[in-house]
Amino acid sequence: MESVSHNLDRKIVLGIESSCDETAVALVTGGRTILAQRIASQEAEHAPYGGVVPEIAARAHAERLAPMIADVLDDAGMTLADVDAIAATAGPGLIGGVMVGLVSGKALAMAADKPLIAVNHLEGHALSPRLADGDLGFPYLLLLVSGGHCQILSVEGAGKYRRLATTIDDALGEAFDKTAKILGLGYPGGPMVEKLARTGDSTAVPLPRPLKGSKEPHFSFAGLKSAVLRAHESGKYTPANIAASFQAAAVDCLLDRLKKAIAENPPFPALVVAGGVAANGAVRGALEGLAAQHDMRFVAPPLALCTDNAAMIAWAGCERLAHQPDFAGDPLDIKARPRWPLDPEAEVARGAGVKA
Ligand code: KG4
Ligand code: ZN
């Protein structure tokens with residue numbers, strides 16, 4: 001394997017992401033420059049089913065990945081020889097898709113004799129704010145909210161995560177997607193619920209705030225989702241009022257759990273949000289206010305870095321190179337993992353992590 005010891009800012013990592021329904025490839029430097037990136041969404045393929053169909057996703061990744069890798073190298077005017085390492089998502093996620101991306105990464109690493117970096121998709125999300133913001137140092141308090149996860153983490157270094165809270169049932173993105181489905185808004189649901197919520201009254205529908213004020217630190221969104229269904233079936237409320245009330249309830253839950261985490265842990269200089277739901281304006285606004293109240297900096301990556309992308313995977317690779325100077329690459333027989341907690345010591349919370 002080629003040594004990876006020269007100037008970190010000039011290191012170039014090729015990132016591959018294929019864990020859900022976006023096929024993505026990016027070239028990122030250790031100096032925080034995204035040299036090129038492409039994302040192919042599979043929205044059209046999955047829309048008729050109202051959600052991601054794993055077999056369709058894996059096939060679409062397999063068809064698109066190789067030409068996209070060639071295109072991204074072309075966009076940057078580079079060849080594989082110019083790249084210092086190949087970073088590929090190795091989990092958690094839909095296993096067929098993860099395998100397609102990881103195998104592609106392994107093949108490139110082997111063919112070009114470059115180190116392979118097997119990246120935890122959640123680590124990509126967790127570190128993405130540092131790609132966007134060079135001033136964000138460790139530690140920070142992270143709310144990681146995506147289609148499969150809702151966690152509060154203490155991010156103490158690259159590869160060093162302490163989970164403070166997680167959902168005991170549904171992820172928040174999932175609750176947004178289900179709400180969209182109930183209201184007949186289509187897929188993907190989060191952005192559509194947000195858009196409709198802007199035209200509704202967030203106090204119109206009485207909805208629960210599951211686990212608000214509870215002694216355990218965790219989240220729960222299953223009850224909120226069922227309440228949305230009941231409210232819709234009652235015929236008493238408009239979709240816009242349900243969307244607005246749902247979003248307000250969700251934001252309330254986030255704030256309550258984050259306040260608890262802030263109160264019960266040593267002070268964090270920054271409150272950071274990442275993952276697909278971090279694209280939500282109401283969530284961002286509420287967190288910004290919370291950070292201000294606690295004298296914390298608020299950091300949210302640009303929208304394109306919140307939802308799934310390969311720049312965050314390449315960046316997680318750059319972070320690994322920076323923090324493990326003698327890292328020679330992960331073994332080429334490393335396995336794809338449907339589940340892969342960021343904090344291996346975190347206890348399993350009841351019902352959590354059911355969906356990867
Ligand atoms: O991080 P991500 O792209 O994929 C996963 O790793 O899960 O997150 C996707 C999730 C979906 O549930 C989607 O509905 C949600 O993020 N999402 C949003 C918004 N944009 C994406 N949820 C609420 N408001 C948004 N604007
Ligand atoms: Zn994600």
Side-chain angles (χ1 to χ4, degrees), residues 15-24 26 39-43 46-47 50-52 54 57 61 89-95 97-98 101 119-129 142-151 153 166-167 170-183 185-198 221 224-225 228 243-244 246-251 253-254 273-287 300-313 315-316 338-342 353-356:
I16 298 172
E17 160 59 32
S18 61
S19 67
C20 192
D21 59 343
E22 322 277 352
T23 315
I39 300 187
S41 161
Q42 301 174 6
E43 258 172 59
H46 300 293
V52 180
H61 290 306
T89 298
L94 299 173
I95 193 68
V98 174
V119 173
N120 182 320
H121 177 84
L122 299 175
E123 178 165 47
H125 280 303
L127 297 174
S128 65
L142 174 73
L143 174 68
L144 176 48
V145 266
S146 69
H149 298 270
C150 185
Q151 304 186 355
L153 294 152
T166 187
T167 179
D170 294 350
L172 183 51
E174 203 178 342
F176 266 94
D177 293 336
K178 292 267 168 61
T179 297
K181 209 167 177 178
I182 291 167
L183 299 180
L185 303 179
Y187 164 89
M192 302 211 197
V193 171
E194 177 176 17
K195 191 163 165 229
L196 185 62
R198 277 190 217 117
F221 294 106
L224 177 56
K225 184 183 72 187
V228 164
F246 160 77
Q247 190 171 271
V251 166
C253 295
L254 293 179
V273 64
V277 185
N280 184 285
V283 169
R284 284 179 178 242
L287 297 186
L303 298 191
L305 276 183
C306 288
T307 46
D308 286 348
N309 65 88
M312 70 180 190
I313 303 303
W315 174 251
R339 293 192 190 185
W340 186 359
L342 271 184
V354 171
K355 192 176 158 230

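Every number for a ligand or one of its atoms is a count from 1 in the order of the listing. All figures in this text were calculated on a predicted structure; none of them were measured in a lab.
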**Student:** Enter the distance from L183:CG to K178:NZ here, rounded to the nearest 0.5 Å.
**Tutor:**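 NZ of K178 is found 13.5 Å from CG of L183.
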**Student:** Just let me know how D177 lines up against ligand 1, side chain, backbone, both or neither, with a heavy-atom cut-off below 4.0 Å.
**Tutor:**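 The answer is the side chain of D177.
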**Student:** Where on H149 is there a heavy atom closer than 4.0 Å to ligand 1, on the side chain, on the backbone, on both, or on neither?
**Tutor:**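 For H149, no heavy atom sits under 4.0 Å from ligand 1.
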**Student:** Write out the residue and atom name of the closest protein heavy atom to atom 2 (P) of ligand 1, then the distance separating them to 0.1 Å.
**Tutor:**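 The answer is D308 OD1, 3.3 Å.
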**Student:** Applying side-chain contact (heavy atoms from CB on, under 4.5 Å) to L305 and W315, what does each step give before you reach the verdict?
**Tutor:** CA-CA 11 Å; L305 276 183; W315 174 251; over 6 Å; no
**Student:** May I ask you to list the atoms of ligand 1 that are less than 4.0 angstrom from any heavy atom of G148?
**Tutor:**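 Checking each atom against G148, I get 7 (O).
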**Student:** Under the 3.5 angstrom rule, does the side chain of E22 hit a backbone N or O of E17 as a donor-acceptor pair?
**Tutor:**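 Between the backbone of E17 and the side chain of E22 there is no qualifying donor-acceptor contact (under 3.5 Å).
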**Student:** I'd like to verify the contacts: list protein N, O or S atoms under a distance of 2.8 Å from the Zn ion (ligand 2).
**Tutor:**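 Under 2.8 Å from the Zn ion (ligand 2) - ignoring waters, which are not counted - the protein N, O or S atoms are H121 NE2, H125 NE2, D308 OD1.
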**Student:** Please step through side-chain contact (heavy atoms from CB on, under 4.5 Å) for the pair L254 and C150, ending with a clear verdict.
**Tutor:** CA-CA 9 Å; L254 293 179; C150 185; 4.2 Å; yes
**Student:** Tell me the protein heavy atom at minimum distance from atom 24 (N) of ligand 1, and give that distance in Å.
**Tutor:**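 Among all protein heavy atoms, the one nearest atom 24 (N) of ligand 1 is N280 ND2, 3.0 Å.
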**Student:** Starting from the C-alpha separation in whole Å, work towards a yes-or-no answer on side-chain contact (heavy atoms from CB on, under 4.5 Å) for T166 and H149.
**Tutor:** CA-CA 8 Å; T166 187; H149 298 270; 5.9 Å; no
**Student:** What is the nearest protein non-hydrogen atom to atom 26 (N) of ligand 1, stated with its residue, atom name and distance?
**Tutor:**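 Going atom by atom, the protein heavy atom closest to atom 26 (N) of ligand 1 ends up being E194 OE1, 2.7 Å.
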**Student:** Identify the closest protein heavy atom to atom 7 (O) of ligand 1: which residue and atom is it, and at what distance?
**Tutor:**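 Scanning the protein heavy atoms, the shortest distance from atom 7 (O) of ligand 1 goes to G147 N, 2.7 Å.
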**Student:** Has H61 got a side-chain atom pairing as donor or acceptor with C20's backbone, closer than 3.5 angstrom?
**Tutor:**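 Present.
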**Student:** Quick check: does any side chain N or O of T89 sit under 3.5 Å from a backbone N or O of S18, one acting as donor and the other as acceptor?
**Tutor:**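 No; judged by distance alone, with no hydrogens or angles, the pair does not exist.
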**Student:** Of the listed options (A250, G190, G173), which comes nearest to atom 18 (C) of ligand 1 when hydrogens are ignored and any heavy atom counts?
**Tutor:**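 That would be G190.
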**Student:** Show which atoms of ligand 1 fall inside a sub-4.0 Å distance from at least one heavy-atom site of H121.
**Tutor:**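 Selected atoms, number and element: 6 (O).
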**Student:** Tell me which protein heavy atom sits closest to atom 17 (N) of ligand 1, plus the residue, atom name and distance to 0.1 Å.
**Tutor:**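 Ranked first by proximity to atom 17 (N) of ligand 1 is G276 O, 3.5 Å.
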**Student:** Could you tell me if the side chain of N120 sits less than 4.5 Å from the side chain of P92, heavy atoms only?
**Tutor:**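 Sidechains of N120 and P92: in contact.
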**Student:** Is ligand 1 less than 4.0 angstrom away from at least one heavy atom of P191?
**Tutor:**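 A heavy atom of P191 does come that close to ligand 1.
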**Student:** Which atom names give the shortest non-hydrogen contact between T167 and D170, and what distance separates them?
**Tutor:**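 Where T167 meets D170 most closely, the heavy atoms are OG1-O, 2.6 Å.
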**Student:** May I have the step-by-step check of side-chain contact (heavy atoms from CB on, under 4.5 Å) for D308 and H121, ending in yes or no?
**Tutor:** CA-CA 9 Å; D308 286 348; H121 177 84; 3.0 Å; yes
**Student:** For ligand 1, which part of H125 has a heavy atom less than 4.0 Å away: the side chain, the backbone, both, or neither?
**Tutor:**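 For H125, the contact with ligand 1 is made by the side chain alone.
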**Student:** Is any side-chain heavy atom of M312 closer than 4.5 Å to a side-chain heavy atom of V119?
**Tutor:**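 Of all side-chain heavy-atom pairs linking V119 with M312, none is under 4.5 Å.
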**Student:** Taking only residues two or more places apart in sequence, or in another chain, which ones meet A249 in a side chain to side chain contact (heavy atoms under 4.5 Å, CB included)?
**Tutor:**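 Testing A249 for side chain to side chain contact (heavy atoms under 4.5 Å, CB included), a comparison that skips the adjacent residues, returns L207, R209, L224.
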